[in-house]
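Report on the structure given below.
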Amino acid sequence: MKTKLSKESIDSEIIEKIEEISGENIYKCYQCGKCSAGCPAVEEMDIMPSQAIRFLQLGMYDKVLNSKTIWICASCIMCFNRCPKGVDFSKIAEACRMIKLRKEGS
């Protein structure tokens with residue numbers, strides 16, 4: 001069975017919320033991996049920053065929202081400094097933390 005991915009097939013409500021809170025466009029990421037390669041905390045993460053962004057792009061929000069990665073990100077902005085597209089994973093992780101906390105508080 002083939003899965004067809006399209007912008008319409010992915011729940012864009014959570015992506016819109018992440019982008020609104022973070023000010024980042026997750027679709028700018030093209031998976032070069034420089035964010036993960038330069039992250040000083042990556043060894044403690046269960047999914048790498050580049051993987052987290054890919055999961056979000058694919059609509060796999062729960063995998064990211066339930067990961068240790070969003071809590072381990074130290075917001076050092078090394079990912080942003082290394083990213084050729086200017087994507088700041090630390091802002092995306094912060095947005096995911098906020099969404100997760102708001103869901104738990106509901």
Side-chain angles (χ1 to χ4, degrees):
M1 183 174 99
K2 291 184 179 182
T3 302
K4 184 176 180 180
L5 291 176
S6 68
K7 191 161 176 77
E8 294 77 30
S9 70
I10 296 174
D11 179 10
S12 63
E13 184 178 319
I14 292 179
I15 291 297
E16 288 175 11
K17 196 63 153 169
I18 291 169
E19 289 182 339
E20 178 186 329
I21 294 169
S22 69
E24 297 295 313
N25 178 351
I26 69 156
Y27 294 107
K28 284 178 24 181
C29 174
Y30 60 85
Q31 298 296 299
C32 70
K34 290 183 179 183
C35 57
S36 298
C39 179
V42 76
E43 290 183 20
E44 301 301 320
M45 296 178 173
D46 51 350
I47 55 176
M48 294 183 292
S50 57
Q51 291 174 319
I53 291 174
R54 177 54 99 205
F55 289 143
L56 292 172
Q57 290 172 337
L58 295 174
M60 300 168 71
Y61 313 110
D62 288 338
K63 191 161 183 78
V64 177
L65 295 177
N66 294 320
S67 72
K68 293 187 330 184
T69 296
I70 62 173
W71 303 103
I72 291 173
C73 174
S75 299
C76 69
I77 67 167
M78 182 63 74
C79 51
F80 175 69
N81 290 332
R82 295 180 61 110
C83 181
K85 300 296 279 181
V87 178
D88 188 346
F89 177 74
S90 62
K91 289 183 179 179
I92 293 169
E94 181 179 1
C96 289
R97 289 190 298 261
M98 291 175 72
I99 290 169
K100 175 76 173 176
L101 290 171
R102 288 175 184 170
K103 279 186 174 186
E104 288 178 357
S106 301

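- Of all heavy-atom pairs between T69 and I47, the closest is OG1-O, 2.5 Å.
- A side-chain hydrogen bond (donor to acceptor under 3.5 Å, both in side chains) check over residues 70-80, counting only residues at least two apart or in different chains, returns nothing.
- Considering only residues two or more places apart in sequence or on other chains, S67 meets the side chain to side chain donor-acceptor pair (under 3.5 Å) condition with none of them.
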Less than 3.5 Å apart, which donor and acceptor atoms pair up between the side chains of residues 76-85 and the rest of the protein, not counting sequence neighbours?
residue	atom	partner	partner atom	Å
N81	ND2	I77	O	3.3
R82	NE	K34	O	3.0

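- In terms of modelled atom types and a separation under 3.5 Å, the side chain of E24 and the main chain of D88 share a donor-acceptor contact.
- Every residue meeting the side-chain contact (heavy atoms from CB on, under 4.5 Å) condition with K63, not counting sequence neighbours, appears here in chain and number order: F55, M60.
- Looking at R54 and Q51, their side chains never bring a donor and an acceptor atom within 3.5 Å of each other.
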Show every donor-acceptor pair shorter than 3.5 Å between a side-chain atom in residues 35-44 and any protein atom, with sequence neighbours excluded, or say none if there are none.
residue	atom	partner	partner atom	Å
S36	OG	S50	N	3.1
S36	OG	S50	OG	2.9

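- Within the structure, the side-chain hydrogen bond (donor to acceptor under 3.5 Å, both in side chains) test picks out the following pairs touching residues 91-100 (sequence neighbours left out): N66-K100.
- Heavy atoms only, all atoms of each residue included: V64 and C96 are closest at CG1-SG, 4.0 Å.
- Note on F89 and M48: separate hydrophobic clusters, where clusters join Ile, Leu, Val, Met, Phe, Trp and Tyr whose side-chain heavy atoms are under 4.5 Å apart, directly or indirectly.
- No single ILVMFWY cluster, assembled from side-chain heavy atoms under 4.5 Å apart, contains both L65 and M45.
- Across every non-hydrogen atom of V87 and I53, the tightest pair is CG1-CD1, 4.1 Å.
- There is a path of hydrophobic side-chain contacts, each under 4.5 Å, that joins I70 to I26.
- Follow the hydrophobic side-chain contacts under 4.5 Å out from I72 and you never reach I99; the two are in separate clusters.
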